Amino acid sequence: MNPFGAYKKVVSARSTLKEVLKKSQDGGIVSTAFIYGLENNLLDGVVVADNAGEFQAVPKVATTPEEVLEAAGTKYTVCPNISVLKSAVREYGCEKIGVVGTPCQVRAIRKLMKYPVGFRHVPDKIALVIGIFCMENFPYNGLKLIVEEHCGVKMEDVVKMDIGKGKFWVYTRWGETKTVKLKETHPYEQIACHVCTDYTAELADISTGSVGSPDGWSTVFIRTAKGEEIFNKMVEDGYLEVKPIEEVKPGLGLVEKLALQKKEKNAKEIEHRKELGLPVPY
Amino acid sequence: MVKVAHVQLCSCCGCLVSLADTYEKLLDVLNSIELVYCQTLADAREIPECDIALVEGSVCLDDHHSLEVAEEVRKKAKIVVALGACAATGGVTRYCKGNQMSKPVHSSFSPLTEVIKVDLAIPGCPPSPEAIVSVITAALNGDMEYLQPFAEFAELGSEACGCDVISKVVNKSLCMGCGTCASACPTRAIEMLDGRPNILKELCIKCGACSVQCPRIRFPGLIEKIE
Ligand SMILES: Cc1cc2nc3c(=O)[nH]c(=O)nc-3n(C[C@H](O)[C@H](O)[C@H](O)COP(=O)(O)OP(=O)(O)OC[C@H]3O[C@@H](n4cnc5c(N)ncnc54)[C@H](O)[C@@H]3O)c2cc1C
Ligand code: SF4
Ligand code: SF4
Ligand code: SF4
């Protein structure tokens, strides 16, 4: 089984922009790429997941670096980013759009590029697709329950959430850190995630996630010529620091392990659904 | 040269505008096709024998000409494509709920798919120029793999509706909340609530774009080839 899909290069990287690192989830690759794109006229609008308060996520078309920064950081809840893609073209008049999404959203983008039935004059304006690694996602109520019931923290006090080392982490504005074992969060997962076999956003131009790299750094797959071009420019212009993935810990082995775990487990779920006569994406 | 006809039944011309809206791509396509019939763009009175007929609009059951044209297209064309919602599902001719009474009445209109056998159907109101070009190009190349979803949609005919994303995706625990359906909808009949589509049925004209576009019903393998 191929764990990662096709790619040209994989590295460990981190933004050099202080304002990004202050707000970003990991190495700030997504926000830096979008800010770089907007500042250098490679992009004129980007679709991001804005924090609508208490980690509720709303899709937003951002056209300035400030708006990109506001939307930095992971919200572990469903955010229908593609729902504003058409308004980026129609209402914002964007012609070079960057989009960030979970692997399933990246798949949705690739589908609408090949089968653009409801997307007049949109596909040719998609200039950069960035995917973020994803094992599972939570409906907002599920997320709230994990934070409030299992971690005993009020949603309004949370400044950051993270998943890593087998735990769900919650950081509060009082400087506290609470954790809950991932095993306890499974019941609140979005069920649709259980038929998803894509961990590393295999169809993106660039995909990135925290796993594989040290804290504060990101693992980055460069998959397409488009992705490679913008990534190389960012490195040349000093927006990113890069290390060979072989030199960092825990390294690509862990990404591979998790990607394969997701594929195997969810391939089984797909088979199980078929046995029950339930539909699966085909 | 592949012979293509554009045939108009009861419609608003939106699909034709979409066909013409392919700009330079239409020229590319026109270099490999011969537009043998199109009341607006070509000078021909009778529908000739052709390889592909793109038919827009629904069939007015109270107008025998309309029925005759539909049957004639089936006889003359090797591949009949229902172009857009009216031909595929009835679209606005059946389901528009503006404050102006349609004449004849809604019940008089049948989508082409209910009147003759249609090989391919392109959803949308109007369908995007890109989709039209892709379908024509795939048909020219005999790329049946690409065309399969359009063939399935032709069989579904007037059964398509915004409710499909609820009954086939949300209710089956397959919806992951990407929002593609909401963006694809030409009438803004879909809003996303708590990461799931909600269909405003007063606005849905049953064009089928949302469910055909949803990656959780159908994800043809060829989409995986990205470079
Ligand atoms: C549900 C979910 C599960 C994840 N699981 C993993 C995992 O298992 N392993 C792993 O290594 N990484 C995972 N990630 C990715 C990781 O959390 C970071 O998003 C990624 O490393 C990018 O960080 P960054 O510092 O480069 O980006 P930043 O500069 O912080 O930017 C992050 C971007 O992602 C967007 N975003 C935030 N939340 C969402 C959302 N819910 N849907 C769509 N877009 C969003 C933001 O708008 C922002 O533009 C997950 C992310 C999500 C949303
Ligand atoms: S696990 Fe898959 S379906 Fe669920 S949010 Fe992540 S990418 Fe989407
Ligand atoms: S397009 Fe996306 S949001 Fe809409 S029904 Fe399908 S999976 Fe759900
Ligand atoms: S909800 Fe919108 S896209 Fe779906 S069938 Fe109705 S009008 Fe068409």
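Note that the structure is predicted; figures quoted are calculated from it, not measured. Residue numbers begin at 1 in each chain, while the letters A, B, ... track the order of the sequences.
In this structure, the side chain of B:Ser128 engages the main chain of A:Pro116 through a donor-acceptor pair within 3.5 Å. At distances below 3.5 Å, not a single donor-acceptor pair connects side-chain atoms of B:Glu130 with backbone N or O atoms of A:Val117.
For the set A:Gly101, A:Cys104, A:Gly5, the count of heavy-atom pairs under 4.5 angstrom toward chain B peaks at A:Cys104. Across B:Cys181, B:Pro186, B:Ala131, the residue that shares the most heavy-atom pairs under 4.5 angstrom with chain A is B:Ala131.
Here the closest non-hydrogen pair linking B:Ala184 and A:Lys86 is O-NZ, 3.5 Å. Across all their heavy atoms, B:Cys175 and A:Gln190 have their closest contact at O-OE1, 3.9 Å. Between A:Lys114 and B:Ser134 the shortest heavy-atom distance is O-OG, 4.5 Å. Scanning all heavy atoms of the two residues, the minimum distance from A:Ser83 to B:Ser183 falls at O-OG, 3.6 Å. For A:Gln105 against B:Gly177, the heavy-atom pair with the smallest separation is NE2-O, 4.1 Å. Here the closest heavy-atom approach between residue A:Ile191 and residue B:Ser173 is recorded as CG2-CB, 3.9 Å.
Around CZ of A:Arg90, the count of heavy atoms belonging to other residues, nucleotides or ligands within 6.0 Å exceeds 12. At most 12 non-hydrogen atoms from other residues, nucleotides or ligands lie less than 6.0 angstrom from NZ of B:Lys3. Under a cut-off of 6.0 angstrom, the local environment of CD in A:Glu95 is sparse, with at most 12 non-hydrogen atoms contributed by other residues, nucleotides or ligands. Taking a 6.0 Å sphere around NZ of A:Lys8, one finds it holds more than 12 heavy atoms contributed by other residues, nucleotides or ligands.
For chain B, the nearby parts of A:Pro279 are the backbone and the side chain; heavy atoms of each come within less than 4.5 Å. Looking at A:Asn137, neither its backbone nor its side chain comes within 4.5 Å of chain B, counting heavy atoms on both sides. Only the backbone of A:Ala204 comes within contact range of chain B, judged by heavy atoms closer than 4.5 Å. Of the two parts of A:Asp124, only the side chain, counted from C-beta on, holds a non-hydrogen atom closer than 4.5 Å to a non-hydrogen atom of chain B. Looking at A:Ala225, the atoms closer than 4.5 Å to chain B (heavy atoms on both sides) sit in the backbone and in the side chain alike. In this structure, no portion of A:Tyr140 lies under 4.5 Å from any heavy atom of chain B.
Chain A is approached within less than 4.5 Å, heavy atom to heavy atom, by B:Met192, B:Gly195, B:Arg196 from residues 189-199 of chain B, ordered by number. Residues from residues 206-227 of chain B that place a non-hydrogen atom less than 4.5 Å from a non-hydrogen atom of chain A comprise B:Ala209, B:Val212, B:Gln213, B:Cys214, B:Pro215, B:Arg216, B:Ile217, B:Arg218, B:Phe219, B:Pro220, B:Leu222, B:Ile223, B:Glu224, B:Lys225, B:Ile226, B:Glu227, given in numerical order. Contact residues of residues 149-169 of chain B toward chain A are B:Pro149, B:Phe150, B:Glu152 (heavy-atom distance under 4.5 Å).
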- Query: Do B:Asp21 and A:Arg120 pass the side chain to side chain contact (heavy atoms under 4.5 Å, CB included) test, and can you show the C-alpha distance, the side-chain angles, and the key distance before you say yes or no?
  - Reply: CA-CA 10 Å; B:Asp21 193 11; A:Arg120 173 176 167 263; 3.1 Å; yes
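The shortest side-chain heavy-atom distance between A:Pro80 and B:Cys178 does not fall under the 4.5 Å cut-off. Side-chain contact check for A:Val195 versus B:Lys172: every heavy-atom pair is 4.5 Å or farther apart.
Between B:Met176 atom CE and A:Cys134 atom SG the span is 10.5 Å, to the nearest 0.5 Å.
Take A:Phe4 and apply the ring pair (Phe, Tyr, Trp, His ring centres under 6.0 Å) test, not counting sequence neighbours, and it matches A:Phe221.
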